[in-house]
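Beneath this line is the structure, given in structure tokens, with notes to follow.
Order of the sequence lines fixes the chain letters, A, B, ..., with proteins taken first and strands second; residue numbering starts at 1 for each chain.
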2 protein chains.
Amino acid sequence: MASLPEPAALLPVEPSGVEMVAKFFRALSDPARLRLLEFLLSDEHTVTECVAHIGLTQGRVSTHLGCLSDCGYVQARRQGRFAYYQVSDPRVAELVLLARSLAADNATALAACMRISDTA
Amino acid sequence: MASLPEPAALLPVEPSGVEMVAKFFRALSDPARLRLLEFLLSDEHTVTECVAHIGLTQGRVSTHLGCLSDCGYVQARRQGRFAYYQVSDPRVAELVLLARSLAADNATALAACMRISDTA
DNA sequence: CCAAAGTATCCGGATATCCAAATGTTAGTG
DNA sequence: CACTAACATTTGGATATCCGGATACTTTGG
């Protein structure tokens with residue numbers, strides 16, 4: 001009957017478990033962001049370098065990087081007027097490798113899946 | 001110089017690597033599909049059982065299951081007029097666990113990320 | 001064969017997402 | 001103190017995605 005059964009429930013805005021993980025996956029569901037993440041897996045790069053690498057506008061790249069940073073995929077480091085981004089958690093590489101492995105084994109079926117968009 | 005440097009390039013429709021993996025991730029970026037996938041991680045279930053579990057329309061659930069099947073996350077088995085779905089590849093569980101682990105460690109930042117939608 | 005259960009597909013409509021372009025902000029430079 | 005470079009944020013428009021409801025398909029049962 002208590003209106004506040006648990007302390008953590010004080011924030012109704014916070015998505016519960018599954019919603020959070022879905023949001024986490026959504027960050028990698030965009031080709032541009034995934035490309036950026038892979039670019040940042042090995043080395044540290046500035047926003048301008050990322051722009052040159054994927055060919056989108058600077059504003060869009062900045063937003064994408066901010067998104068990846070918010071989700072914990074990459075870490076941002078400020079040095080003067082430069083912003084350096086890089087993957088810090090080794091589990092991120094694991095996740096990408098695992099997904100690549102699974103996707104590769106279902107490549108043909110995946111390509112045929114019209115329920116997700118052919119924009120790719 | 002050759003116009004066709006590699007045999008695999010003969011199919012321009014097929015998304016190249018990154019696009020494919022992004023599509024793969026996109027399947028898990030929807031809370032309903034992720035909920036279904038977790039439901040099918042341990043046991044085999046029919047479409048009707050899935051409908052009862054997540055509370056969406058039958059048509060929608062069927063489409064979601066088809067999507068998960070196309071992407072290779074679950075396997076479909078036909079028995080009379082029933083369709084049984086289940087996760088078959090153990091790497092799928094690994095992927096979900098890894099994502100849960102990463103998402104949990106970035107829960108607060110993730111919840112604050114407004115670049116991805118607050119619909120959750 | 002006809003009816004019903006289980007499942008798959010099609011349909012607009014509401015919302016979310018991505019983009020380029022323009023504008024802000026901050027930190028070096030002359 | 002202008003001025004520029006690097007980065008961040010905002011805006012409006014096009015497209016994608018998700019949804020319920022209606023409909024078609026398939027198999028079992030009478």
* Give one of base, sugar-phosphate or nothing for B:Y84, where a contact means two heavy atoms less than 4.0 Å apart. => nothing
* To do: Specify the separation, in whole Å, of atom CZ of B:R35 and atom C1' of D:dC18.
  => 14 Å
* Output the distance between atom CD (A:Q79) and atom OH (A:Y84), rounded to the nearest 0.5 Å. => 6.0 Å
* Asked: OH/B:Y73 to CG/B:L95 distance, rounded to the nearest 0.5 angstrom?
  -> 6.0 Å
* Closer than 4.0 Å, any side-chain N/O of B:Y85 to the OP1 or OP2 of C:dG6? -> no
* To do: Would you kindly give the CG-to-P distance between A:D30 and C:dA16, to the nearest whole Å?
  => 17 Å
Can you give each donor-acceptor pair under 3.5 Å made by side-chain atoms of residues 59-72 of chain B, sequence neighbours left out, with the distance rounded to 0.1 Å?
| from | atom 1 | to | atom 2 | distance (Å) |
| --- | --- | --- | --- | --- |
| B:T63 | OG1 | B:G59 | O | 3.1 |
| B:H64 | ND1 | B:R33 | NH1 | 3.4 |
| B:D70 | OD2 | A:R115 | NH1 | 2.5 |

* To do: Take atom CZ of A:R78 and atom P of C:dT26, then tell me their distance rounded to the nearest Å.
  => 11 Å
* To do: Not counting sequence neighbours, list each pair that qualifies as a salt bridge (charged side-chain N to carboxylate O under 4.0 Å, His left out) and has a residue in residues 88-107 of chain B.
  => A:R91-B:D105, A:D105-B:R91, B:E38-B:R100, B:D89-B:R91
* Asked: Atom CZ of A:F82 to atom C1' of C:dT26: distance rounded to whole Å?
  -> 13 Å
* **same_hphob_cluster(B:F82, B:L40) at 4.5 Å side-chain heavy-atom cutoff** => no
Give each protein N/O atom lying under 3.5 Å from an N/O atom of nucleotides 27-30 of chain C, with the pair distance.
none

* Structure fact -> Here the gap from B:F24 atom CZ to A:L102 atom CG, rounded to the nearest 0.5 Å, amounts to 4.0 Å
* **Distance in angstrom units between B:K23 NZ and D:dA16 P, rounded** => 12 Å
* Structure fact -> Rounded to whole Å, CZ of A:R26 lies from P of C:dT15 at a distance of 16 Å
* **Any residue of residues 36-48 of chain A with a heavy atom less than 4.0 Å from an atom of DNA chain D** => A:T46, A:V47, A:T48
* From the list C:dC18, C:dT17, D:dC18, which nucleotide is the closest neighbour of the side chain of A:R33? -> C:dC18
* Structure fact -> Residues in residues 52-61 of chain A with a heavy atom under 4.0 Å of DNA chain D, by number, are A:Q58, A:G59
* Asked: What's the spacing between A:L37 CG and A:D30 CG if we round to 0.5 Å?
  -> 11.5 Å
* To do: To the nearest 0.5 Å, tell me how far B:R26 CZ sits from A:L34 CG.
  => 10.5 Å
* Asked: Does the side chain of B:R77 pick up a donor-acceptor pair with the side chain of B:Q75 at under 3.5 Å?
  -> no
* To do: Starting at CG of A:N106, measure out to CE of B:M20 and round the result to the nearest 0.5 Å.
  => 9.0 Å
Could you pull out every donor-acceptor pair under 3.5 Å between side chains of residues 46-54 of chain A and any protein atom, sequence neighbours left out?
| from | atom 1 | to | atom 2 | distance (Å) |
| --- | --- | --- | --- | --- |
| A:T46 | OG1 | A:E49 | N | 3.2 |
| A:E49 | OE1 | A:H45 | ND1 | 3.0 |
| A:E49 | OE1 | A:T46 | N | 2.9 |

* Nearest-angstrom distance from the residue atom CG of B:L28 to P of D:dC18 -> 12 Å
* Asked: Any side-chain N or O of B:H64 less than 4.0 Å from the OP1 or OP2 oxygen of D:dC19?
  -> yes
